[in-house]
Amino acid sequence: MSAANTPRSGGRILVDELVRHGVDTAYCVPGESYLAVLDALHDATVRVITARQEGGAAFMAEAHGKMTGRPGICFVTRGPGATNASIGVHTAFQDSTPMILFVGQVARDQMEREAFQEIDYRRMYGEMTKWVAQIDDARRIPEFVSRAFHTATAGRPGPVVLALPEDMLRDVVEAPEVAPFRTPVQPHISSADLMDLRDELSHAKRPFMILGGGGWTPKAVKDIQQFAERQNLPVGCSFRTQHLFDNDHPLYAGDVGIGINPALAERIKASDLLIVVGARLGEMTTGGYEMLKPPKLPQHLVHVHPGAEELGRVFQPDLAINCGMESFAHAASSVKPVNYAAREDWAKAARADYEAWNDPAPVTTPGAVQMGTIMAWLRGHLPKDAVMCNGAGNYSVWVHRFHRYRGFRTQAAPTNGTMGYGVPAAVAVKAANPERTVVAFAGDGCFQMNGQELGTAVQFGLPFITIVVNNGMYGTIRMHQERAYPGRISATDLVNPDFVMLAKAYGCHAELVEKTEDFAPAFERAEASGKPALIEVRIDPEAITPRETLSGIREKASAKA
């Protein structure tokens, strides 16, 4: 008798469907609203990683989706669990990451009474998902799960939320089988679009390509590099997607995001053709819509995006191509080269600007710790496939500016700028790639939002290294505070725990670094420990960015007042 003809609980049907669709890992915080699912997972082949807080679990699922291209799976309970998890859903939406969040729900006969922890998830998640639904009939679980996988990966990838009434999960029914999910549905480029693309290239003397967004594959990354090489195109990557193009490649020109190289910003403005592939051209990529001002750019714009709704939404392209990343990159890689030699100086100058910006040697900041030197050491020490994870804060400027991402999926960072992402992301990245070196960066404020997930790393034997850059404050907000209200400090100071003792309490290896020269041996000891590890790096609060000090920012702002 097939599973379809065997009466099973809704919880069992759901888990069976996840297995059929290729799920090998799920992240969760357990809750009584989906006990039937937890019971079914007991006997399943799915590895269940239990987080300490639902926000951490959702970040793990989002990072899993980033690193695999398949939907990350997360289970949380109703009400408080669902609201905690919303931060990961928002991240998946803005980062175009495939993810499916399953939320336990009150029993069907209790709905619309504001029962214990009841929320209408369609209304709650509607603005930050591709689809939200509730499964009221256990016989339809295969249908809903199949649709969730297809929706999360089709076009512009993103999150899906399915609510699971607890009594529905206990229903014992027969449910039909559906074909397992295999390949995301993506639009393809037309021959006319390809001809128009070549025509745009033939007229351009100073073209520039910006990569970003979701839906990329190893093949797409390889093909887009070939396209850049055949056309001699300098390439930048949008905010926190630097891994889409080998940073060692002579055509790589830098990241187009917060703290952009001023020379790169000027080069983009001076270009006569922008080819934007996958990126939405949002606030971070456009410098707050000032470096590139909507709706019509002075240069020609070719905008390639898998979501038709994004094309023409903010910027008016001269050529809009609704296409998936793999299809576009493959087709573009075969376009006959045009104006190759004429762009030689343009491309070489872009690379020279990047290398000067990427060199930490001229950068000296206050204090005994030079983060630029530390980043240069890591760049030379880490293997090329090492994965760097980080959340948000001024500490991340050092990572983005001075590290080089040399391969696809070597960066896991949130483009929605959420704090607390690095540690839970590292849990998921290490779980999916146990053979790779994984490093999580966090500021002292960022770390304390999800630092408890070190306990998850210890429990599941996931030895990554967390670097906590401690300056005793919410540094980014302090920086903006000094610019807007110089000398009027409010709510940005932090009194921190002893991070080394805290990490040891979780069972981690831990080190304290207060001088630059102490970092390398501390990192090597952390690697040799074979355990999850934490290195606290105490930096001078004045060293707020590679270019500015807090007092300098304050003085400039005061002079203008």
Side-chain angles (χ1 to χ4, degrees), residues 18 22-31 34 37-38 41 46-77 81-103 128-129 152 157-161 214 240 387-392 409 411-416 418-434 436 438-442 446-466 506 508 532:
L18 293 180
V23 172
D24 58 13
T25 305
Y27 304 91
C28 80
V29 173
Y34 68 97
V37 174
L38 293 173
L41 286 167
V46 178
R47 173 176 52 173
V48 180
I49 295 181
T50 306
R52 282 14 182 195
Q53 202 255 18
E54 291 88 357
F59 279 150
M60 292 173 193
E62 195 277 343
H64 185 99
K66 264 192 175 80
M67 295 303 295
T68 65
R70 296 181 64 84
I73 304 299
C74 185
F75 283 94
V76 298
T77 196
T83 52
N84 282 340
S86 65
I87 188 171
V89 176
H90 181 261
T91 303
F93 186 77
Q94 288 221 320
D95 288 45
S96 301
T97 303
M99 173 183 171
I100 303 173
L101 175 69
F102 295 96
V103 181
M128 62 176 97
T129 58
V160 167
V161 175
R240 292 180 170 165
V387 184
M388 303 289 268
C389 308
N390 63 265
R409 292 175 179 155
Q411 183 180 30
T415 67
N416 74 332
T418 181
M419 296 176 71
Y421 181 87
V423 174
V427 168
V429 172
K430 191 65 177 179
N433 304 273
R436 294 171 72 177
V438 179
V439 179
F441 267 88
C446 186
F447 174 78
Q448 290 180 90
M449 292 191 177
N450 274 307
Q452 70 274 13
E453 300 303 346
L454 287 180
T456 306
V458 171
Q459 179 175 345
F460 292 93
L462 302 170
F464 59 85
I465 299 173
T466 299
Y506 277 113
C508 299

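Here the structure is a predicted model, which means the values were calculated and not measured.
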Practice item. Mind listing the closest non-hydrogen atom pair of Ser86 and Met128 along with its distance? Key: O-SD, 3.7 Å
Check your understanding: Can you tell if the side chain of Val103 reaches within under 4.5 Å of the side chain of Val161, non-hydrogen atoms only?
Key -> yes
Check your understanding: What is the minimum heavy-atom distance between Leu38 and Pro30, and which atoms define it?
Key -> CD1-CB, 3.8 Å
**Study point:** Check against side chain to side chain contact (heavy atoms under 4.5 Å, CB included), Thr50 and Tyr27
**Key:** CA-CA 6 Å; Thr50 306; Tyr27 304 91; over 6 Å; no
Check your understanding: So how far is it from Arg409 CZ to Thr68 OG1, rounded to the nearest 0.5 Å?
Key -> 6.5 Å
Point to revise | Nearest-0.5 Å distance, CG of residue Asn450 to OG1 of residue Thr418 | key: 8.0 Å
Review point. What's the spacing between Ile73 CD1 and Leu101 CG if we round to 0.5 Å?
Key: 9.5 Å
Exercise for review: Go through the steps for Gln411 and Arg240 under the test side chain to side chain contact (heavy atoms under 4.5 Å, CB included), then give the verdict.
Suggested key: CA-CA 7 Å; Gln411 183 180 30; Arg240 292 180 170 165; 4.2 Å; yes
Point to revise | Distance, nearest 0.5 Å, that separates CZ of Phe59 from CD1 of Ile87 | key: 3.5 Å
Practice item. Give the intermediate values and the outcome of side chain to side chain contact (heavy atoms under 4.5 Å, CB included) for residues Glu453 and Met60. Key: CA-CA 10 Å; Glu453 300 303 346; Met60 292 173 193; 3.4 Å; yes
Review point. Do Asn416 and Phe93 have side chains that get closer than 4.5 Å, going by heavy atoms?
Key: no
Exercise for review: Check whether any side-chain N or O of Lys66 sits under 3.5 Å from a backbone N or O of Ser96 as a donor-acceptor pair, and report yes or no.
Suggested key: no
Practice item. Kindly say whether Ala413 contributes a backbone atom to a donor-acceptor pair with the side chain of Asn390 at under 3.5 angstrom? Key: no
**Study point:** Minimal non-hydrogen separation, Pro463 against Gly461, with atom names
**Key:** CD-O, 3.2 Å
Check your understanding: So, Gln452 versus Tyr506: side-chain donor-acceptor pair below 3.5 Å or not?
Key -> no
Review point. Are any of the side-chain heavy atoms of Val387 and Met67 separated by less than 4.5 Å?
Key: yes
Check your understanding: Are Val160 and Met99 close enough that some pair of their side-chain heavy atoms sits under 4.5 Å apart?
Key -> no
Practice item. Indicate yes or no: at least one non-hydrogen side-chain atom of Val458 is less than 4.5 angstrom from one of Cys508. Key: yes
Point to revise | Nearest heavy-atom neighbours spanning Gly422 and Ala440 | key: O-CB, 3.6 Å
Exercise for review: For residues Phe102 and Tyr34, establish whether the separation of their ring centroids is below 6.0 Å.
Suggested key: no
Point to revise | Side chain to side chain, Glu62 and His90, heavy atoms closer than 4.5 Å | key: no
Exercise for review: Give a yes or no on whether a salt bridge exists between Asp24 and Arg47, defined as a side-chain N under 4.0 angstrom from a carboxylate O.
Suggested key: no
Exercise for review: Hey, could you give me the CD/CE distance between Gln448 and Met419, rounded to the nearest 0.5 Å?
Suggested key: 9.5 Å
Check your understanding: Which atom pair, heavy atoms only, marks the closest approach of Val48 to Phe460?
Key -> O-CE2, 3.4 Å
Point to revise | Side-chain heavy atoms of Leu454 within contact of Val423, under 4.5 Å | key: yes
Revision key, fill the gap. To the nearest 0.5 Å, atom OG1 of Thr456 lies from atom CG of Leu462 at 9.0 Å
Check your understanding: Nearest heavy-atom pair of Pro98 and Gly69: which atoms, and what distance?
Key -> CG-O, 3.8 Å
Check your understanding: Does the Asn84 side chain pair with the main chain of Glu54, one donor and one acceptor, at a distance under 3.5 Å?
Key -> no
Review point. What's the verdict on side chain to side chain contact (heavy atoms under 4.5 Å, CB included) for Val439 and Cys389, showing C-alpha distance, side-chain angles and the deciding distance?
Key: CA-CA 6 Å; Val439 179; Cys389 308; over 6 Å; no
